[in-house]
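Just so we're clear, the structure is a prediction, and the values are computed from it rather than from any experiment.
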Amino acid sequence: MASNSTELPIRKFKKDILRAVDRSQSLVVVGQTGSGKTTQLPKYLCRSGYSKHGLIGVTQPRRVAAMSVARRVAEELDCELGTKVGYQVRFDDCTSKETTIKYMTDGCLLREFLDDRELSRYSVIILDEAHERSLDTDILFGLVNQLFLSGLSTKRKYPLKVIVMSATLDAGKFSEFLGNCPIFEIPGRLHPVKEIFCDLVEAKDMERNATINYVSKVVEVVMEIHLEQKQGDILVFLTGQAEIEQCCDMLFKKSEHLDYRHDVSDRSVKALMVLPVYGSMPTEMQRRIFEPPEPGVRKCVVATNIAGTSLTIDGIKYVVDSGFVKQMSYNPRTGLDSLQVVPISRSEATQRSGRAGRTSPGKSYRIYSKDFYEQCMTEDMIPEIQRTSLSSVVLNLKCMGIHNILEFPYVDPPEERMLLEALRQLFYFGAIDRKGHIQPLGHLMVEYPLPPGLSRAVIYSGALDCHHQVLPVAAMLSSENVFIRPADERKQADAAKAHKRLSRMGGGTSDFGSLLAVFRCCSQSDSSSAWCRENYIHWRAVKMAMSVHDQLQSILSKQMKRSDFPKEKVDSSLKKESLLSKALCSGFFGNVARRATSGRGFRTMEGHGTYVFIHPSSVLFGREDELDWVMFHEIVWTSKVFMRTVCSIDYDWVKDLLPRLHEVDAYGLSGCLKPEINESGDPTDTEKDTPTNTPAVKKVAEKEEKSLKRNSESAISEARQRYLERKKAKTVR
DNA sequence: GAGCACTGC
């Protein structure tokens with residue numbers, strides 16, 4: 001990376017860019033990596049006086065980026081980090097009163113919006129890496145757009161400036177979104193990359209829906225490069241840990257048997273060094289990929305998408321692109337998350353190729369054909385906002401006083417059913433009322449950096465006085481998976497896990513109890529890192545959970561002092577572990593399932609009675625016959641539909657909460673929407689036409705699963721239908 | 001009778 005900022009392409013455009021900022025309230029800046037936009041533009045703005053009216057805020061999707069960029073700019077300005085230049089990320093606020101340029105994660109700025117909808121501390125907001133379309137960036141987009149439209153910023157002495165920075169040319173979309181603002185293009189410093197289609201995966205392979213063994217194809221291409229191409233390192237893009245390990249094994253075996261005197265065309269190449277990298281890998285091991293290889297050794301890094309954004313490796317000359325990525329998508333109808341291998345988009349393919357041209361001209365080998373590229377790949381990736389559960393987002397917007405979430409300015413609007421599902425969830429949590437208005441509980445919930453179900457459970461654990469159990473569990477659930485299972489030590493890892501849960505909480509009848517046990521072991525033990533290694537526990541994940549725990553605890557203890565904090569009757573007859581499960585039910589009462597009459601599976605109460613199984617990693621796996629009702633943290637759809645992190649519950653704990661859940665299915669949903677689509681400004685009184693004690697509701701209480709399933713399904717589609725009709729009517733008028 | 005891409009508050 002060139003440290004000399006005089007070489008940076010942006011420098012030539014300093015005057016033009018400042019003039020553009022001066023003339024327009026918003027601006028889109030397009031520039032590839034290395035153009036210097038992230039480090040230099042804030043400095044220019046600062047010097048030309050923008051910092052006199054407030055902070056210059058720059059957002060990044062990732063923590064490391066926010067911290068490292070801030071450090072570099074501080075060095076360039078020769079000031080101590082945290083003084084003139086600072087950063088703020090979760091758990092680490094490195095800013096002071098002196099700070100004029102503040103780098104932060106976009107999640108942090110989103111939090112600030114909750115307290116100050118005008119961002120009055122800031123004179124300029126720069127949204128960087130907009131092309132990545134992270135959920136938080138997209139929401140910030142909408143918020144600043146609304147800020148402009150509503151004219152709130154007219155109260156300011158100096159209007160807020162917004163600059164959007166993107167690495168790709170879909171900038172037209174961003175400009176249009178910000179009222180056709182000017183687009184400023186900075187040439188990048190990338191070297192040319194030749195793109196080669198290897199035709200090893202074709203469009204018809206996808207149509208046949210057969211499993212495509214791209215790993216062996218990738219190996220083929222890597223070996224070809226190694227044998228025939230000049231010195232230069234290789235970066236391979238695959239989708240997951242298992243694949244990467246398999247690929248590395250194959251490459252290692254193949255390169256071992258090479259005769260470098262005859263087989264290799266470039267005689268300066270004498271060996272191949274194969275290095276895997278993926279997110280769950282320990283950080284020290286990840287770091288190995290940055291070490292330069294010994295002379296004559298060709299480095300080959302086999303990576304997940306992590307090498308596409310988070311990690312930048314210098315010296316890469318050849319990229320091998322599998323064309324696939326693992327992606328999570330959420331189905332609001334079933335409430336199921338699924339992690340699937342899908343083709344990347346054409347713009348992602350370009351991004352991957354670009355990794356070959358950072359230091360010198362390079363080559364990108366795409367294992368797929370041109371047909372595959374054109375027919376199976378979409379132009380752009382589906383943005384996160386269109387494939388995730390939106391309950392957290394909607395709660396945030398509601399707390400900011402944005403009631404009309406259907407007409408919130410989204411760059412790419414999510415499907416209406418996604419928003420309806422979010423409203424429905426928030427209603428049954430009691431965060432909003434049936435008209436969609438925020439409730440006191442919603443204001444308490446939004447303060448936690450947790451999904452709504454978990455924050456509700458945390459609040460009720462405070463009310464039930466069992467937060468000492470629930471807080472660690474909430475922290476562990478929001479961290480990475482703590483149980484490690486190395487491929488060659490599975491039996492030992494499983495044994496260590498079985499031993500822990502049997503000897504600890506409740507004789508091993510709850511996965512939540514196991515999480516609590518692990519957390520307590522780690523926080524009590526002095527040499528917890530050694531203890532973790534012995535017991536196949538992911539130390540980094542537990543450490544993270546401890547930080548989260550402290551943060552949650554400080555939020556909860558402040559809330560418990562308030563007079564409006566909810567209080568519940570404590571049932572002293574309950575055993576300790578049952579108390580934990582019961583408290584968790586207050587947030588996960590929608591996540592319950594009952595043992596099915598046949599087979600080993602269960603039927604969920606939500607998601608229209610989906611047939612689900614206990615995940616083999618659960619303590620309750622294999623003990624299905626002993627169970628009746630269970631509660632789960634999440635459902636994953638892999639080879640089957642599995643409930644992951646499970647405990648058994650008493651139906652009594654949830655039966656009072658469940659009717660509410662179906663009441664909203666049958667009647668409440670349209671009520672949530674009504675005020676938002678009512679043009680007269682006179683919200684219809686939905687209480688009148690939404691009876692709360694109808695036969696449908698009673699049936700639910702009587703556990704009539706089948707009829708319930710039909711009811712809720714048709715009610716949702718009816719509500720949607722009604723909404724769509726009204727929307728249509730509105731546009732006709 | 002299995003498998004966990006990647007972020008973030």
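Counting any heavy atom pair closer than 4.0 Å across all strands shown, A:S310 reaches sugar-phosphate atoms only and no base atom. Nucleic acid contact class of A:F613 (heavy atoms, under 4.0 Å, all strands): none. No engagement by A:R133 is indicated, since no non-hydrogen atom pair under 4.0 Å with the nucleic acid exists. Among the heavy atoms of the strands, none lies under 4.0 Å from A:S134. Among the heavy atoms of the strands lying under 4.0 Å from A:N481 is at least one base atom, whether or not backbone atoms are also near. Residue contacts for A:Q241: at a heavy-atom cut-off of 4.0 Å it reaches the sugar-phosphate backbone alone, with no base atom in range. Across all strands, A:V548 comes closer than 4.0 Å to no nucleic acid atom at all (heavy-atom distances). The residue A:R62 sits close only to the backbone: its heavy atoms come under 4.0 Å of sugar-phosphate atoms, none of a base.
Ring-centre distance between A:F483 and A:H538: not below the 6.0 Å cut-off. A distance of 6.0 Å or more separates the ring centres of A:Y278 and A:F237. Two rings, from A:F588 and A:H633, have their centers less than 6.0 Å apart. Between A:F141 and A:F174, the distance from one ring center to the other falls under 6.0 angstrom.
The distance from atom CZ of A:R387 to atom P of B:dA5 is 15 Å, rounded to the nearest whole Å. When rounded to the nearest whole Å, the span between CZ of A:F621 and P of B:dA2 equals 7 Å. B:dC9 atom C1' lies 16 Å from atom CG of A:D550, rounded to whole Å. Taking atom CD of residue A:E634 and atom P of nucleotide B:dC4, one finds them 10 Å apart after rounding to whole Å. One interatomic measurement links the two molecules: CD of A:E348 to P of B:dT7, which rounds to 15 Å at whole-angstrom precision. Taking atom CZ of residue A:R63 and atom P of nucleotide B:dC6, one finds them 17 Å apart after rounding to whole Å. The nearest whole Å value for the distance from the CD1 atom in A:I244 to the P atom in B:dC4 is 14 Å. For the pair A:N396 CG and B:dC9 P, the computed distance is 13 Å after rounding to whole Å.
You'll find that the side chain of A:I306 is closest to B:dC6, out of B:dC6, B:dA5, B:dC9. Side chain of A:P449, nearest nucleotide from B:dA2, B:dC9, B:dC6: B:dC9. Of the candidates B:dC9, B:dC6, B:dG1, B:dC6 carries the atom nearest the A:T304 side chain, counting heavy atoms from C-beta on. Listed nucleotides B:dA2, B:dA5, B:dC9 differ in distance to A:M328; the shortest reach to its side chain belongs to B:dA5. When each of B:dC9, B:dG1, B:dA5 is scored by its nearest atom to the side-chain atoms of A:V89, the top-ranked nucleotide is B:dC9. Minimum atom distance to the side chain of A:K640 is reached by B:dA2, of the listed B:dA2, B:dG8, B:dC4. Comparing B:dC9, B:dA5, B:dA2 by their closest approach to the side chain of A:H615 singles out B:dA2.
Residue order along DNA chain B, read from the 5' end via each residue's closest nucleotide, puts A:T239 first among A:T239 and A:S478. Between A:D136 and A:G240, the residue anchored closer to the 5' end of DNA chain B is A:G240, taking for each the nucleotide with the nearest heavy atom.
Of the charged side-chain nitrogens involved, none lies within less than 4.0 Å of a carboxylate oxygen, so that A:E624 and A:R594 do not count as a salt-bridged pair.
Under 4.0 angstrom from either OP1 or OP2 of B:dC4 there lies at least one side-chain N or O belonging to A:R644.
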Intermediate values then yes/no, side chain to side chain donor-acceptor pair (under 3.5 Å), A:D93 and A:T95: CA-CA 6 Å; A:D93 183 356; A:T95 59; 2.7 Å; yes
